[in-house]
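Input: a single structure, listed below in structure tokens.
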Number of protein chains: 2
Amino acid sequence: MSLQPNYFQQYQHADMDELADLIGELLQNPITIEDADHKLIAYSSHGDSTDPARWSTIMGRRVPEKVLTRLWKDGVFQELLTQDDPVHIPAKDDIGLGKRVAIAIKRSTDVLGYIWAQEVNRPLTPEDDEILRQAAKAAVSRLIQRQGKRKAEEQRRTEFLWELLLGNHSSEAAIRQKADSLQMQMPSHSLICIVEAAGARLDQYLYPLLMRDKLYWVVDGSQIILLIGLLDGKKDERDVLLRKVEQFLADSLSKLVTHASEGKVIAGYGREYKGYSQIVKSYREALHAVKVKKLFPRETEGIHGYHQLGIYRYLLKLKQWEEEEGYKNERLERLRQYDRDNQTAMLDTLETFLDAAGKMNVTAQSLHIHINTLSYRLRRIEEIMQVDLENMNQRAALYLELKISKINQEQ
Amino acid sequence: MSLQPNYFQQYQHADMDELADLIGELLQNPITIEDADHKLIAYSSHGDSTDPARWSTIMGRRVPEKVLTRLWKDGVFQELLTQDDPVHIPAKDDIGLGKRVAIAIKRSTDVLGYIWAQEVNRPLTPEDDEILRQAAKAAVSRLIQRQGKRKAEEQRRTEFLWELLLGNHSSEAAIRQKADSLQMQMPSHSLICIVEAAGARLDQYLYPLLMRDKLYWVVDGSQIILLIGLLDGKKDERDVLLRKVEQFLADSLSKLVTHASEGKVIAGYGREYKGYSQIVKSYREALHAVKVKKLFPRETEGIHGYHQLGIYRYLLKLKQWEEEEGYKNERLERLRQYDRDNQTAMLDTLETFLDAAGKMNVTAQSLHIHINTLSYRLRRIEEIMQVDLENMNQRAALYLELKISKINQEQ
DNA sequence: AGTTCGTTTGTGAATATCCACAAAGAGCAG
DNA sequence: CTGCTCTTTGTGGATATTCACAAACGAACT
């Protein structure tokens, strides 16, 4: 290692464009340098032959979304993020991407940018890999400076979003002013969406989606908190926004469940509000939704919106009230005692029956029992608990009580 | 009037027994004087022939329950309470009661006691009625003195009961001591029951029942608040107590609905508790039950116990919470708007359907519509509200929301 | 007047529910 | 072992539910 020449010693303080040119000369191939957001920083100038992907990148001063999405999908970025060595990427003709080699520019695990080397004039060898490794190191200090300003602005944007989320703000006008000064385009109608995945680098995995939908977000531990709104004041805005959120969640969850295999992926979002000062409400609702979804994963499967929670919206509050009042549910306890005494599964039967909205055959099939067995058990349950399952009041009350009682039992 | 002799002038300060004897001599018939609780105060001594009712009264120092119940049932007491003249009562052989005349001893409208004159030796004439009127007047001052002590004790008992109801007490031991000093036999397990009937003299109408079940009670406006417990520590106490309350309510409500025709009769009771310090809880629950029954008379028909309220137990709390959170139910509002726009009755259809626990034919019959009409309406409701009525979570949530929304609308 | 839309009612067939009754197995006490 | 209770599963017939499809009606609009 130490015997190899140090190609970039004299370029420590050089311009990024000069660095790109130097790498291009050494590798005899076109070079592109991007920042972490895939914005173009520099590119080698005397490569006359190139591919549509590079051409679009230079013209748009950013890597096209289509290319990014594809590279995320194919796991290229995942490789770049996790390893320090160059990654050799085969040609992907359908998106106009020729064969190339890429390396991430990192400070420890922080990705500052990427260097891309196309393979058009000659194939790239393992020696070229070493050149790229050194080039990535040489680029670090320049990128840090460059990132400095961006980071500061990022920091101020994050702080601003937290202010919105926590409600630490003075007035609507002040918020609007601050958003303008940060060059943030705030939607008039918006809601908060939370995606939580233990152990996953959420913002990295979701980056293409976040970019696609032009969202503002904050990462908080294992949660990413998103501000979702519509910029252009459309008609029938409400349904459009809800569809946008559901679309985003469908995309992001399908992406995350494959990546974050460990632990579960949970998402929830609050209701849509008009003013900026209401964002705190939407955030609280989103948090509530996530909390409830953790407590009732099966029951709330497929539900993400606070407005869709149904009775689960009430349960925590009711639970708290029952504890304050010291209310003990004797009927449920009697059924539990019966189950313990007789090794039966009446409670489970009851819950399945209630979950099935009182449909006999659905319940029986779900429990893998004969429908007459179910009928018998329900008659016994009515006797034991002294309830009338045909009565909607009693049935609904039982349903609520049952779900409330499950809160602290971790199933 | 002024020409008639004043028979009892010299007896103003005489003994009650002497008064009874004098009346007996004047009417030539056996006389009995009772206080407002039908306890024996005095009786004429030289009446040799009498009937089983009078005999039992003297032997037991109180009018037998059987006789009282019958006289209340036949409206005799109602007459006595409302008028100042003697009431002529025909013989009621089945309870051993011979023909007699009675008059209430009153100070203004306060009943202090009764004078009973049997008709065995000779029939009683209108002149005898005047004698009884004067006798009743003469008895007032003596009875007031006699009632003085009783009233004071009554007062202290009432205060004690209010302390229990409102929780203004120090310790269980202190309560027990105070109860002993008031010669009140306190049940170990008890609950609070409230009967409310606007405009009715509750304690008077219910008196025989209160006596029969040996209850303690307090009258508060149009409510009578009862402490119901079991004195002897029986096995399976809980069900026994509940049966006792339900029996009492069945008896008293059937009695009251005939009397208090104006306004509705409402009754509610709290759960059973062990310690005296828990009575306040039972009282609050009883109040809650009464409050809810006023808001949902149809839905809670036949329900009196707090433990039977089902979802209605939660509704006020949930309503309060929704108001705090500023939660607006858009779905219900959409349906209401639809009903207004199209002159339809979707909301009513939905409520009936939910109340019928999702039974199609019950709902259709209740609404007097064809079952396919119902089916069509439900499909439309699902479209308009964007809900899935087959989903128990959504159905229960809708049920709750619907009932909550009715709270302030006075139907 | 004709058209369209939302609504009501009807028919028919597949499926589900409800109810009574019966047979069989498991567990348990005498 | 026998009898007993609790539980499960089965059969069959009366009712209910679900769905597709069609006819009829009224209100609003052109």
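All values below were derived from every heavy atom in this structure, side-chain atoms included, with hydrogens, water molecules and symmetry-related copies excluded. Letters go in sequence order (proteins before strands), and every chain restarts at 1.
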Protein-nucleotide distance ([X], atom [atom1]; [N], atom [atom2]), rounded to Å:
{"X": "Ile371(B)", "N": "dT8(C)", "atom1": "CD1", "atom2": "C1'", "value": "14 Å"}
{"X": "His368(A)", "N": "dT7(D)", "atom1": "NE2", "atom2": "C1'", "value": "19 Å"}
{"X": "Arg379(B)", "N": "dT8(C)", "atom1": "CZ", "atom2": "P", "value": "12 Å"}
{"X": "Ile369(B)", "N": "dT8(C)", "atom1": "CD1", "atom2": "P", "value": "7 Å"}
{"X": "Tyr376(A)", "N": "dA20(C)", "atom1": "OH", "atom2": "C1'", "value": "16 Å"}
{"X": "Glu383(A)", "N": "dT5(D)", "atom1": "CD", "atom2": "C1'", "value": "13 Å"}
{"X": "Met346(A)", "N": "dC6(D)", "atom1": "CE", "atom2": "P", "value": "11 Å"}
{"X": "Leu378(A)", "N": "dT17(C)", "atom1": "CG", "atom2": "C1'", "value": "12 Å"}

Is there a side-chain contact between [X] and the phosphate of [N], meaning an N or O under 4.0 Å from OP1 or OP2?
{"X": "Lys359(B)", "N": "dA16(C)", "value": "no"}
{"X": "Asn361(B)", "N": "dT15(D)", "value": "no"}
{"X": "Arg377(B)", "N": "dT8(C)", "value": "yes"}
{"X": "Tyr338(A)", "N": "dT7(D)", "value": "yes"}

*Going by modelled atom types, is there a donor-acceptor pair between the base of dT7(C) and the side chain of Asn372(B) at under 3.5 Å?*
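Absent.
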*Tell me what Thr344(B) touches on the nucleic acid: a base, only sugar-phosphate, or nothing, going by heavy atoms under 4.0 Å.*
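Sugar-phosphate, backbone atoms only, no base.
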Would you say the side chains of [X] and [Y] form a donor-acceptor pair under 3.5 Å?
{"X": "Arg340(B)", "Y": "Gln337(B)", "answer": "yes"}
{"X": "Tyr327(A)", "Y": "Arg271(B)", "answer": "no"}
{"X": "Gln394(A)", "Y": "Asp388(A)", "answer": "no"}

*Interatomic spacing from CG in Leu318(B) to CZ in Arg313(A) - rounded to 0.5 Å*: 8.5 Å
*Could you give the angle between the helix axes at the two ends of the helix from dA1(C)-dT30(D) to dG30(C)-dC1(D), with five pairs per end, rounded to 10 degrees?*
20°
*asked:* Holding to side chain to side chain contact (heavy atoms under 4.5 Å, CB included), I want the full list of residues that pass it with Ile371(B), two or more places apart in sequence or in another chain.
replied: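 For Ile371(B) the side chain to side chain contact (heavy atoms under 4.5 Å, CB included) partners, ignoring immediate neighbours, are Met360(B), Asn361(B), Ala364(B).
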*Can you say whether the rings of Tyr314(A) and Trp321(B) are parallel (under 30°), tilted (30 to 60°) or perpendicular (over 60°)?*
perpendicular
*Return the nearest nucleotide to the side chain of Glu390(A); candidates are dC18(C), dC6(D), dT11(D).*
dC18(C)
*Of the listed nucleotides dT8(D), dT17(D), dT8(C), the one nearest the side chain of Met360(B)*: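 So the nucleotide nearest the side chain must be dT17(D).
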*Map Gln365(B) and Arg380(A) onto DNA chain D by nearest heavy atom, then report which one ends up closer to the 5' terminus.*
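The residue whose closest nucleotide sits nearer the 5' end is Arg380(A).
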*Identify which one of Thr373(B), Leu354(B), Asp339(B), Leu367(B) satisfies the side chain to side chain contact (heavy atoms under 4.5 Å, CB included) criterion when paired with Thr349(B).*
Leu367(B)
